[in-house]
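Heads up, the thing below is written out as structure tokens.
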Amino acid sequence: MLRKKTLEDIDLKGKRALVRVDYNVPLNGEGNITDDTRIRATLPTINYILDSGGSVILISHLGRPKGKSVPSMSLAPIVRRLSRLLRLEVLFLSDCVGDGVRQTLEGLQPGAVVLLENLRFHSGEIENDPDFSRQLASLADVYVDDAFATSHREHASVVGVPAILKPAVAGFLMQKEIDYFNMAFTEPVRPLVAILGGAKVSDKIKTIMSLMEKVDKIIIGGGMAFTFLKALGYRVGKSLVEEDMLELAADIMGEARLKGIPFYLPVDCIAANAIEKKAQTTVVPAQEIPEDKMGLDIGPATVTLFNEVLNLAKTIVWNGPMGVFELPPFSKGTFSIVETLANSQALTILGGGDTDVAVHATGNSDKIDYISTGGGAFLLFLEKGELPGINALDDA
Ligand code: AMP
């Protein structure tokens, strides 16, 4: 069981907390925030520290400025939104390290919230430079990580700082990710079913292999299913296939058979000549997709099959869409899986950017037990069962 110290395990009275958040929010050209979900997600941690008599110093990255100060990637636009959400004035400092920053923060009073400028304006962040970590660590009395989505990266603010600044604890958002991971994989209520989709096998191959050690059944949909189908000798037409993954795909299915893990693939699909909104579609068996067509969504028989498997599950973990769900002709498969999870009695956990988008698009977010805030981090967490940023925190 993965157990890390949390905010509730430490004394925050009169303490300055350096809180690593993920404010890598989408901004439009004029610097307006188009989606503030990531900011809202950190409010419980910030409010708890303030209510406990501490002060908060927020650090984050935004975009990829490559170690240089890039005005369009400044965190400054976030201050106004954060102030409004917290109902208090948040101070913004135009750098994240340096004498000026340290002096300002030395006198920080309980109840204050400060946001520092983009960590990645310094190359030391991505390089995990010890000196940069020391400078950040010198700004506060405790370290709090609430940025699960970046915890797969060995960056200064993720692993370097918590190695120096103690105590180093999980914020509430991070804690939730760890709790749900434990529920799904450490002590799952079985059967535990993993459903994976998305474009490429190569992106998720290691995750699939490691899930095989943990789950009772695996369902594969999306573009990556065609590499498996082709490995079985099926005619997949022009569907997305990674030729260099065919052997590995066959090995995985062989191993699933040996382990007695049912491995479900699409039995039919929605095929078309082109990935277009107005494409002519037909339902075809997965064994014989016409040569000039590609499979772009799971078909109705597959939806029924997958739903039957999911309906028998007690725990479901999902990553990756079942088809090109961004276009209406190919969205039904993904959306019907969302519906199934939304109405399921099982513990439902999903993660990965696109899966999240599909759930929001159907308005079913509230009916899923947990939607991870991580994309790459979520997949790597499934694969390894640990992440550098989580390992860096103090054990409970
Ligand atoms: P990923 O980031 O690996 O989860 O992949 C998500 C992307 O996979 C989405 O943008 C989908 O449009 C795409 N996708 C899903 N199914 C297919 C398919 N059958 N053919 C091509 N692309 C697909």
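In each ligand, atom 1 is the first atom listed, and ligand 1 is the first ligand listed.
- Here F330 has no heavy atoms under 4.0 Å from ligand 1, in either its backbone or its side chain.
- Taking T373 as the reference, E177 meet the side-chain hydrogen bond (donor to acceptor under 3.5 Å, both in side chains) condition, with sequence neighbours excluded.
- Annotation: F325 places no N or O atom under 3.5 Å from an N or O atom of ligand 1; distance criterion only.
- Where the criterion is an N or O separation shorter than 3.5 Å, residue side chain and backbone included, P321 fails it with respect to ligand 1.
- Here M224 has no heavy atoms under 4.0 Å from ligand 1, in either its backbone or its side chain.
- Nearest non-hydrogen protein atom to atom 2 (O) of ligand 1 is D354 OD2, 3.2 Å.
- Of the N or O atoms in K200, none lie within a sub-3.5 Å distance of an N or O in ligand 1.
- To the nearest 0.5 Å, atom OG of residue S372 and atom CZ of residue F148 are 4.5 Å apart.
- Atoms of ligand 1 found under 4.0 Å from any heavy atom of G295, numbered from 1 in the order shown, are 18 (C), 19 (N), 20 (N).
- Between D297 and ligand 1, no N or O atom pair is found at a separation short of 3.5 Å.
- Listed by number with element, the atoms of ligand 1 under 4.0 Å from a non-hydrogen atom of G198 are 1 (P), 3 (O), 4 (O), 5 (O), 6 (C), 8 (O).
- A salt bridge between K4 and D394 is absent, with no side-chain N of the basic residue lying under 4.0 Å from a carboxylate O of the acidic one.
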- Which is it for R20 and S157 under the side-chain hydrogen bond (donor to acceptor under 3.5 Å, both in side chains) test, yes or no, and what are the steps along the way? CA-CA 7 Å; R20 177 51 159 112; S157 66; 2.7 Å; yes

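- At a 3.5 angstrom cut-off on N or O pairs, E326 counts as close to ligand 1.
- Among protein heavy atoms, atom 3 (O) of ligand 1 sits closest to A199 N, 3.2 Å.
- The contact set between ligand 1 and G222, taken as ligand atoms under 4.0 Å from a residue heavy atom, comprises 16 (N), 19 (N).
- Donor-acceptor pairing under 3.5 Å is recorded for the side chains of K204 and N319.
- For atom 16 (N) of ligand 1, the closest non-hydrogen atom on the protein side is G223 N, 3.0 Å.
- Using a 4.0 Å cut-off between heavy atoms, M294 makes no contact with ligand 1 at all.
- Put simply, no part of G352 is less than 4.0 Å from ligand 1, judged by heavy atoms.
- Residue F226 has no nitrogen or oxygen atom sitting less than 3.5 Å from a nitrogen or oxygen atom of ligand 1, judged on distance alone.
- Ring-centre distance between F381 and F181: below the 6.0 Å cut-off.
- Classification of K259 and E213 as a salt-bridged pair holds, one side-chain N sitting under 4.0 Å from a carboxylate O.
- Classified by interplanar angle (parallel below 30°, tilted 30° to 60°, perpendicular above 60°), the ring pair Y180/Y370 is parallel.
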